[in-house]
Amino acid sequence: MDYDLVIRGGEVMDPGGGLTGRMDVGIRGGVIAAVDRSLPVTGARATLDATGQIVTPGLFDLHTHVYWGATYWGIEPDPIAVRTGVTTWLDAGTAGGYSFPGFRRYVVERSDTRVFALLNVSAIGLVAPTYELTNLDYCDLGLARRMVDANRDVILGIKARIDANTTRGVGLAPLRLARTLADQVELPMMVHIGKGPPALDEIFPLLRPGDILTHCCTGQDNRILEPDGHLKEFVRRAWDAGLVLDVGHGTGSFSYEVAERMLAAGMPPDVISTDAHQLSVQGPMFDLPTTLSKFLNLGMSLPEAIDRVTARPARAVRRPDLATLKPGAPADVAVFALEQGAYTFHDVFMTARPGTVRLVNTATVRAGTRMAPRPEPPLAPWAVLPEHQRAK
Ligand SMILES: [Zn+2]
């Protein structure tokens with residue numbers, strides 16, 4: 001039978017589907033039809049030569065902010081997807097109960113990329129940069145429950161940002177409410193950490209196996225490592241029990257010192273994500289391939305890195321059917337060149353590390369169709385990087 005598109009001759013790397021090696025990927029009707037050593041291309045409507053390149057499932061970014069125009073952090077996913085291979089974007093709590101209907105109509109339904117959401121426990125979500133939890137009246141659990149129940153196809157979890165500013169004056173109360181909500185709707189909770197209070201050892205008793213701790217490589221005072229570099233004991237216990245450690249690079253949450261110690265101890269983060277937003281896309285985060293390249297240059301293998309942006313994030317939000325090239329799966333595919341050269345990467349403190357490889361996205365296929373470049377909207381007038389990150 002004829003294919004709509006055959007991606008030919010690339011090195012397929014699909015940890016979720018257990019596929020690896022030089023293979024062709026055949027697509028028909030928007031789904032993966034076959035992955036094999038050599039597929040017939042006569043009669044195929046289109047072919048894409050991926051010789052010498054890496055073919056992966058479309059990437060799954062577990063931490064993004066894509067509610068453009070209505071919130072402080074929001075960007076548009078499609079223009080970035082085209083040049084990064086990210087076909088599934090999990091919006092991490094940009095919308096709350098009051099703003100989710102608009103998010104669904106204007107972002108989820110209008111984007112070519114697949115967009116999921118974590119619902120913010122604060123009904124106002126991230127309209128402003130911070131303080132969304134300081135007025136507990138906004139943690140309306142009844143409203144949040146109704147919103148989840150009406151949108152379970154899009155809402156895959158609950159989000160709570162727990163740091164000094166977001167919780168100012170109310171301590172752990174919003175985290176307790178988020179815990180209650182997540183238990184009631186039986187979905188994972190993603191908790192953001194950074195600068196306390198609350199302190200990390202106060203936050204952890206409220207986390208459960210299957211929850212996601214984002215900003216796990218933070219260099220702020222709520223680090224998951226002891227000063228001597230060992231993992232804090234209560235973090236180790238929670239991680240062993242099934243807590244998911246997610247990177248969420250952003251503009252404030254990726255420290256080379258912490259990441260290097262985690263890798264040196266054989267404890268790489270479970271998921272690599274960007275926290276892509278109005279500021280972080282200006283650098284030093286930039287995008288998911290750049291963030292992945294940082295881990296490759298720290299010694300993580302390419303299959304381990306790809307696992308952390310495909311199968312693992314999909315599993316974390318209970319969608320193992322996505323981000324795989326298994327026949328029958330949606331035909332979301334990314335093609336990358338692994339370029340060799342002399343590169344310099346930076347963490348959020350502008351600490352530099354040299355690198356010899358970088359991943360460069362060369363084609364992005366969503367639901368069987370190759371995405372075409374499109375204009376990126378201008379950044380918001382308030383989206384100004386901190387002084388030290390502007391320096392380079
Ligand atoms: Zn975020």
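Throughout, residue positions are numbered sequentially from 1 according to the sequence presented.
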One thing to verify: whether Arg312 and Glu304 come together as a salt bridge, which I'm taking to mean a side-chain N less than 4.0 angstrom from a carboxylate O.
no

Starting at NZ of Lys159, measure out to CD of Glu132 and round the result to the nearest 0.5 Å.
8.5 Å

State plainly whether the residues Asp332 and Arg366 are in salt-bridge range, i.e. N to O under 4.0 Å.
yes

With side chains defined as the heavy atoms from C-beta onward, is the minimum distance between Pro77 and Ser111 less than 4.5 Å?
yes

Should the pair Phe254 and His249 be assigned to parallel (<30°), tilted (30 to 60°) or perpendicular (>60°) ring geometry?
parallel

Yes or no on side-chain contact (heavy atoms from CB on, under 4.5 Å) for His215 and Val247, after CA distance, side-chain angles and deciding distance?
CA-CA 5 Å; His215 306 322; Val247 171; over 6 Å; no

For Asp211 and Arg208, indicate whether the former's side chain and the latter's backbone hold a donor-acceptor pair under 3.5 Å.
yes

Below 4.0 angstrom, N of the basic side chain to O of the carboxylate: do Arg104 and Asp153 qualify?
yes

Check step by step if side-chain contact (heavy atoms from CB on, under 4.5 Å) holds for Leu133 and Ile162.
CA-CA 9 Å; Leu133 299 172; Ile162 303 300; 3.9 Å; yes

Does the side chain of Leu175 come within less than 4.5 Å of Val191's, by heavy atoms?
yes

Shortest non-hydrogen contact from Gly368 toward Leu5
O-CD2, 4.1 Å

Quiz question: by atom type and distance under 3.5 Å, do the side chains of Thr130 and Asn165 form a donor-acceptor pair?
no

Scan side-chain atoms only and decide if Thr362 and Gln53 contain a donor-acceptor pair under the 3.5 Å cut-off.
yes

Donor-acceptor pair, distance only, cut-off 3.5 Å: does the side chain of Asp14 make one with the backbone of Gly18?
no

By the rule that ILVMFWY residues connect when side-chain heavy atoms come within less than 4.5 angstrom, directly or transitively, which residues belong alongside Val244?
Phe60, Leu62, Leu90, Phe116, Leu118, Leu156, Met190, Ile212, Val271, Val317, Leu322

My understanding is that only one of Arg145, Arg146, Arg152 makes a side-chain hydrogen bond (donor to acceptor under 3.5 Å, both in side chains) with Asp149; could you say which?
Arg152

Going by side-chain contact (heavy atoms from CB on, under 4.5 Å), Phe234 matches just one of Leu207, Leu200, Ile203, Ile224. Which one?
Leu200

Look at the side chain of Ser99 and the backbone N and O of Gly96, then say whether any donor-acceptor pair between them is shorter than 3.5 Å.
yes

Which heavy atom in Tyr98 sits nearest to a heavy atom in Pro101, and how many Å separate them?
O-CD, 4.0 Å

Could you tell me which non-hydrogen atom of Val86 sits nearest to which non-hydrogen atom of Ala81, and how far apart they are?
O-CB, 3.1 Å

Just list the side-chain donor-acceptor pairs under 3.5 Å for residues 40-49, sequence neighbours left out, or say none.
| residue | atom | partner | partner atom | Å |
| --- | --- | --- | --- | --- |
| Arg45 | NH1 | Asp4 | OD1 | 2.8 |
| Asp49 | OD1 | Thr51 | N | 3.0 |
| Asp49 | OD1 | Thr51 | OG1 | 2.5 |

If we ignore hydrogens and angles and just use 3.5 Å, is the side chain of Thr310 paired with the main-chain N or O of Pro57 as donor and acceptor?
no

From Thr364 OG1 over to Asp112 CG, what is the distance, rounded to the nearest 0.5 angstrom?
12.0 Å

Evaluate the side-chain proximity of Val258 to Leu225: yes if any heavy-atom separation is below 4.5 Å, no if none is.
yes

Quick one: CD1 on Ile306 to CG on Leu296, what's the gap to the nearest 0.5 Å?
7.5 Å

Glu233/Arg236 ion pair, N-O < 4.0 Å:
no

Check for a donor-acceptor pair, side chain of Asp36 on one end and backbone N or O of Leu39 on the other, with a separation under 3.5 Å.
no

So do Val66 and Phe103 actually touch side chain to side chain, heavy atoms under 4.5 Å?
yes

What I want to find out is whether Arg110 reaches Asp78 closely enough, with some N-O distance under 4.0 Å, to be called a salt bridge.
no

Going only through I, L, V, M, F, W and Y residues with side-chain contacts under 4.5 Å, is there a path from Leu143 to Leu126?
no

Tell me the closest heavy-atom pair linking Val357 and Asn297, and the distance in Å.
O-ND2, 2.8 Å

Tell me if a side-chain donor or acceptor on Asp307 pairs with a main-chain N or O of Pro303 at a distance below 3.5 Å.
no

Phe204 versus Arg237: any side-chain heavy-atom pair under 4.5 Å?
no

Ignoring hydrogens and angles, state whether a donor on the side chain of Thr180 or Asp183 is under 3.5 Å from an acceptor on the partner side chain.
no

Once the angle between the rings of His65 and Trp73 is folded into 0 to 90°, is it parallel (under 30°), tilted (30 to 60°) or perpendicular (over 60°)?
tilted

On a heavy-atom basis, which atom in Arg374 and which in Pro79 lie closest, and how many Å separate them?
CG-CA, 3.7 Å

Backbone N/O of Ser293 and side chain of Arg358: donor-acceptor pair under 3.5 Å:
no

Is it the case that the side chains of Ser273 and His63 hold a donor-acceptor pair, with the cut-off being a distance below 3.5 Å and no angle test?
no

Are there over 12 heavy-atom neighbours, none belonging to Glu109, within less than 6.0 Å of that residue's CD?
yes

Less than 4.0 angstrom from a charged side-chain N to a carboxylate O is my criterion; do Glu260 and Arg353 meet it?
yes

Run Tyr256 and Phe349 through side-chain contact (heavy atoms from CB on, under 4.5 Å) and show every step you take.
CA-CA 9 Å; Tyr256 264 128; Phe349 305 106; over 6 Å; no

Basic-acidic side-chain contact under 4.0 Å: Glu226, Lys232:
no

Just how far is it from atom OG1 of Thr64 to atom NE2 of His277, taken to the nearest 0.5 Å?
10.5 Å

Please determine whether the number of non-hydrogen atoms from other residues, nucleotides or ligands lying under 6.0 Å from atom OH of Tyr138 exceeds 12.
no

Decide side-chain contact (heavy atoms from CB on, under 4.5 Å) for Tyr3 and Ile27; before the verdict, give the C-alpha distance in whole Å, the side-chain angles of both, and the deciding distance to 0.1 Å.
CA-CA 6 Å; Tyr3 297 107; Ile27 292 164; over 6 Å; no

Check: Phe286 main-chain N/O paired with Thr290 side-chain donor or acceptor under 3.5 Å
no

Val12 and Val25, any side-chain heavy atoms less than 4.5 Å apart:
yes

Output for pair (Glu202 CD, Asn222 CG), nearest 0.5 Å, gives 9.0 Å

Does Leu213 offer a backbone N or O that forms a donor-acceptor pair with the side chain of Asp246 under 3.5 Å?
no

Output the distance between atom CG (Asp61) and atom OG1 (Thr84), rounded to the nearest 0.5 Å.
8.0 Å

Is the backbone of Gly219 close enough, under 3.5 Å, to the side chain of Arg223 for a donor and an acceptor to pair up by distance?
yes

